[in-house]
**Q** 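Can you keep this structure in mind? I'll have questions shortly.
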Amino acid sequence: MSALAAYNIQIILFLPLLTAALLAALKSYRVSAAINVGSAFVTFLAACSLLVFRPHSGRYLLIDDLNIVFVVLNTFVAFTTSAFSASYISHELETRRLTGAHLRFYHAMYQLLLGAMNLALTANNIGIMWVAIEVATLTTVLMVGIYRTPQALEAAWKYFILGSVGIALALFGTILIYMAARPVVGEGLNGMVWTELIQHVAAFDPALLNLAFVFLLLGYGTKVGLAPLHAWLPDAHAEGPTPISAVLSGLLLNVALYAVLRFKLLMAANAGAIAPGPLMVALGLLSLVFAGFMLYRRGDIKRLFAYSSIEHMGIIVFAFGMGGAIANFAGLLHMTMHSLTKSAIFFAVGHITQVKGTQQIADIRGLTTTHPFLGWALVVGVIAIAGLPPAGVFMSEFLIVSSTISRAPILAVILVIGLLVAFGALLLRLHGLAFGEPKGETGPVHASYLPLAAHLSLVLVAGVYLPPPLVAWFQHIATSLH
Amino acid sequence: MDRLAFDIAHFLAGGLVLISFVLLYQDRLFALLNAYALQALTLAFAVAWQAHIQEAPHLYITAGITLVFKALIIPVALHRMVARLGVHREVETVVSLVPTMLGGIGLVALSMVVMLRVTHGADPLTREDLAFALSVVLLGMLMMVTRTNAVSQVVGFMSLENGLILAAAAAKGMPLVVEISVAFSVLIALIVIGIFLFRIRERFDSVDLQALDDFRGETR
């Protein structure tokens, strides 16, 4: 245990890579799945130990209050998703949608993705962060295309092209940041070290910073899934394996968001630069309202929840764009709750689509009568994500709306309209899915409900009671974010 | 000497933009690949020249990588792939030639206006190079949206990356980490693309993305 704490950062960064290499070589999928879960669990423990034993930040690595939240949340959801994935893939093998060779590749990519995301979150160098996000993107592209159906290939191709353009724009922005930093912090490595940048950013050329931020926001915003750059997201969610949908929604979107937040901090610390808030508010609201309306026309259950992810990323970006202690706090809370709830929903959806053999909403009916646990879990999950009390999402949405009303009533009206539109769409679809005359296959589910139950109970508990240390911690970060 | 150094760098960077336009109006795949190889070659010279005038030997590595991977291996590999797949040798476009070229000119003007305005603090060479780099990036993007054929979209993306490498080389003293990683990412990207092209081939007998669009997820 003490070794785990002493080397926590090394474990977080290198264990996933070593495991990826091991899993690429292992033949038995049962052993691989077990190792995958075990390794993700150890990584999660190491991430938790960051809270107590914080390693020294250097020129390459940075551990501060902000990214610990992301790392802990990321490793937790990665761990539970690996447990879900273990039961999911055995069904895929039985139905022969995947073969043993596919699974070796799948497990190795899963760990590589985790390692890349951890690196992106803990890097103190904006160049390394960019490389890590690119690697994470490429691994998910490969996993989205793993079924090799025409739809999966199209989704992966679209994701690859849009993701690459986004990532290219982000690199151009990164180069411009270096250009802005060079006259002040000097040539060489320091011009890319985030802690150096934030110390000296007040003296940077504002015009260059503005341009850089536009590129970075568009680039990383593509990866966050903000409208109008979201086109890859629903396809990638719908056509890949469901554990990957959970990881995309719950984790990868957050990692890109983290990058946006880091650069927002830089902008805010320079008096001459444009305020990054209004840009983020505009993109956030656009995503929310757009996704809210798009939810009505979905015929595919995974696409439905993918659009719901766009909606929620919009809310989160909006909250951070508004800024201020309360909105930032709400944004962090909402991000945490969305990750937990959305991955729980995808766990449920994964089992449902396996039982029913279809993703079409019209062919899935009356789940609460045929599969009581799964049906009710979906009901709870959707109610939580739609923002009804007592779930945690309600609390964070309430905080965002109430803090907006006092500062910008007109924005609050748009925000509430967007929330209500999405709410209506989700409940409409849920009614058909969960109740009414059962339709389709009614066979039993071979699944482990543990990850699903764990996530949903965390979300429900968080809606009623948040532990004071967690609140104090989030408040501390919220004030440091401005 | 200083004046000459500037002129040569200017010439090479301007050449990249010019070849981006050449890429835009190619209507045959093989010609497109040749033009791309020419652009990569020009980029290799541009980066090597930057290494010379900045006295930054690590940039020679970037130039070497560009020369070997992007000017030789990738065009040859794509050439063979196109030949073996027997895909349409013509490049299908969504938008016809004239509007595309006019759009391209507009994008170059835009990037000149934007970059020259915001970088007045930097030295003239860096300013011009960054403006050219942004033009190449935007032209690459334009190419990606106006083509339906997978191979030409990939070429558009790689030409976009050429612009990024020019920008990274022009930013004096930029850490090596980034340059190598860009080269690496192109390599990884090619592997990914290669796999995809072959898989797409398995399913459709064509690398034309129009064929893929018929398989949109939501049919109803």
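A, B, ... follow the sequence lines: proteins, then strands. Residue 1 opens every chain.
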**Q** Could you tell me which portion of A/Leu176 (side chain, backbone, both or neither) has an atom closer than 4.5 angstrom to a non-hydrogen atom of chain B?
**A**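 The side chain, not the backbone.
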**Q** Side chains of A/Thr353 and A/Lys302 only: does a donor on one sit below 3.5 Å from an acceptor on the other?
**A**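 On atom types as modelled, these side chains do not qualify, holding no pair under 3.5 Å.
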**Q** Check each of B/Leu134, B/Val136, B/Leu139 against B/Ser111 using the side chain to side chain contact (heavy atoms under 4.5 Å, CB included) test, and report the only one that passes.
**A** B/Leu134
**Q** Can you tell me how far apart OH (A/Tyr178) and CG (A/Leu189) are? Round to the nearest 0.5 Å.
**A**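 Rounded to the nearest 0.5 Å, the OH-CG separation comes out at 9.5 Å.
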**Q** If I measure from the heavy atoms of chain B, does A/Leu211 come under 4.5 Å with its side chain, its backbone, both, or neither?
**A**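 Interface part for A/Leu211: side chain.
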**Q** Can you say whether A/Leu209 sits under 4.5 Å from chain B via the side chain, the backbone, both, or neither, judging by heavy atoms?
**A** neither
**Q** So among A/Phe346, A/Phe305, A/Tyr159, which one has a ring-ring contact (aromatic ring centres under 6.0 Å, His included) with A/His237?
**A**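 Option passing the ring-ring contact (aromatic ring centres under 6.0 Å, His included) with A/His237: A/Phe346.
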**Q** Heavy-atom pairs under 4.5 Å with chain B: which of A/Gln359, A/Arg182, A/Met179 has the most?
**A** A/Arg182
**Q** So what's closer than 4.5 Å to chain B heavy atoms on A/Ala238: side chain, backbone, both or neither?
**A** neither
**Q** Counting only non-hydrogen atoms closer than 4.5 Å, does A/Phe172 touch chain B with its backbone (N, CA, C, O), its side chain (CB onward), both, or neither?
**A** both
**Q** Out of the candidates A/Asn124, A/Val193, A/Asn125, only one should pair with A/Leu62 under the side chain to side chain contact (heavy atoms under 4.5 Å, CB included) rule; please name it.
**A** A/Asn124
